[in-house]
Amino acid sequence: MKNSFFLNVNEQVDFVCKELALNSLLQNGYNSMGFSQGGQFLRAVAQRCPSPRMKNLISIGGQHQGVYGFPRCPGEISKICDQIRKVLNFGAYTRYVQEHLVQAEYWHDPLNEDEYRNSSIFLADINQEKQLNNSYKNNIQLLEKFVMVKFLNDTMVDPPDTEWFGFYQSGQSSKTVTLQESTLYTDDRLGLREMDKAGKLVFIGVEGDHLQFNEEWFTKNIIPFLL
């Protein structure tokens, strides 16, 4: 649990990539499923580590354009969340905070896009906002399906549209734009427009708050991508 808050995401991704490469059972390919922030972390694995090949990526409540708010944390970790809010408000883009606080690494300030692009050590990189990395684009397009699940009544993720790769329109924090309206899509920096046209992007909406679903919904909507 501590690592999900305090272990540099790039280090986590590197560790997973090495473990995958050493696992002989996965050499013919594998499916992956990430819950909440695990969705964007596994996307980084797909973009950075094409071998063994990830077949389907299922992101359940992942924040692919980051977050601009940390409104609610559940249960026993609420005290940790309170401290994290204070640190993010103090300086999410300082070097020390970026390297030691996971949530800062996908903090996306729409009111200060330049600072976000220049200082984000994780999200701005995997979203091709620092410089274009052709391998990221080529590798993610190897996916058979990229499934994104959005919780339609999400009170934990701000904005919820980030779960479908949408985000606040640059320069303000009230109006959101969809993935298809974003420059990431229209310029096709990551290959998502091409994947969308090929039917590789799957957008699923589910009624409920963050990560709230039942077994029947999961069996009907998610299991088929694992078969």
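All heavy atoms count here, side chains included; hydrogens, waters and symmetry mates do not.
In this structure, CD1 in Ile140 is found 5.0 Å from CE in Met195, a value given to the nearest 0.5 Å. Between Thr176 atom OG1 and Asp161 atom CG the span is 4.0 Å, to the nearest 0.5 Å.
The two residues Leu123 and Ser120 come nearest to each other via the heavy atoms N-OG, 3.4 Å. Between Leu57 and Ser32, the shortest heavy-atom distance links the atoms CD1-OG, 3.3 Å. Across every non-hydrogen atom of Met156 and Asp209, the tightest pair is N-OD1, 4.0 Å. Nearest heavy-atom pair across Ala104 and Val97 is CB-CG1, 3.6 Å.
Residue-environment remark: CD (Glu194) stays at or below the threshold of 12 foreign heavy atoms within 6.0 Å. For CD of Gln172, the number of neighbouring non-hydrogen atoms (other residues, nucleotides, ligands) closer than 6.0 Å is greater than 12.
For the ring pair (Phe, Tyr, Trp, His ring centres under 6.0 Å) condition, the pairs that include at least one residue of residues 114-145, sequence neighbours left out, are Phe41-Phe122, His108-Tyr116. Screening residues 6-28 for side chain to side chain donor-acceptor pair (under 3.5 Å), with sequence neighbours left out, gives Asn10-Arg48. Sorted by first then second residue, the side chain to side chain donor-acceptor pair (under 3.5 Å) pairs that include residues 34-45, not counting sequence neighbours, are Ser36-Gln63, Ser36-His210, Gln37-Gln103, Gln37-Tyr106, Gln40-Gln63, Arg43-Gln47, Arg43-His64, Arg43-Asn127.
Looking only at distances, no side-chain donor or acceptor of Asp196 sits under 3.5 Å from a matching main-chain atom of Lys200. Under a 3.5 Å cut-off, the side chain of Asn214 and the backbone N or O of Glu216 do form a donor-acceptor pair. Ser4 contributes a side-chain N or O that, together with a main-chain N or O of Met1, makes up a donor-acceptor pair within less than 3.5 Å. Looking only at distances, no side-chain donor or acceptor of Lys145 sits under 3.5 Å from a matching main-chain atom of Lys55. Asn56 places no side-chain N or O within 3.5 Å of a backbone atom of Asn31 that could act as its donor or acceptor partner. Of the possible polar contacts, one joining the Lys137 side chain to the Asp188 backbone as a donor-acceptor pair under 3.5 Å is found. Side-chain atoms of Ser59 do not come within 3.5 Å of backbone N or O of Met148 as any donor-acceptor pair. Formation of a donor-acceptor pair under 3.5 Å by the Gln128 side chain with backbone atoms of Arg189 is found in this model.
Cluster membership for Ile121 and Tyr68, using ILVMFWY side-chain heavy atoms within less than 4.5 angstrom, is not shared. Neither Leu152 nor Val157 shares a network with the other; the hydrophobic side chains, linked directly or stepwise wherever heavy atoms of I, L, V, M, F, W or Y lie under 4.5 Å apart, form separate groups for each. Hydrophobic clustering of Ile, Leu, Val, Met, Phe, Trp and Tyr side chains at less than 4.5 Å, counting indirect connections, unites Tyr30 with Leu42.
No side-chain donor-acceptor contact under 3.5 Å links Tyr93 and Asn112.
Taking Ile, Leu, Val, Met, Phe, Trp and Tyr as members and joining any whose side-chain heavy atoms lie under 4.5 Å apart, directly or through other members, the hydrophobic cluster of Phe151 also contains Met33, Phe35, Ile58, Ile60, Val147, Val149, Val202, Ile204, Val206, Leu211, Phe213, Trp217, Phe218, Ile222, Ile223, Phe225, Leu226, Leu227. As a member of the Ile/Leu/Val/Met/Phe/Trp/Tyr network built from side-chain separations under 4.5 Å, Leu142 groups with nothing else and remains a singleton. Through direct or relayed side-chain contacts under 4.5 Å between Ile, Leu, Val, Met, Phe, Trp and Tyr, Leu7 connects to no other residue.
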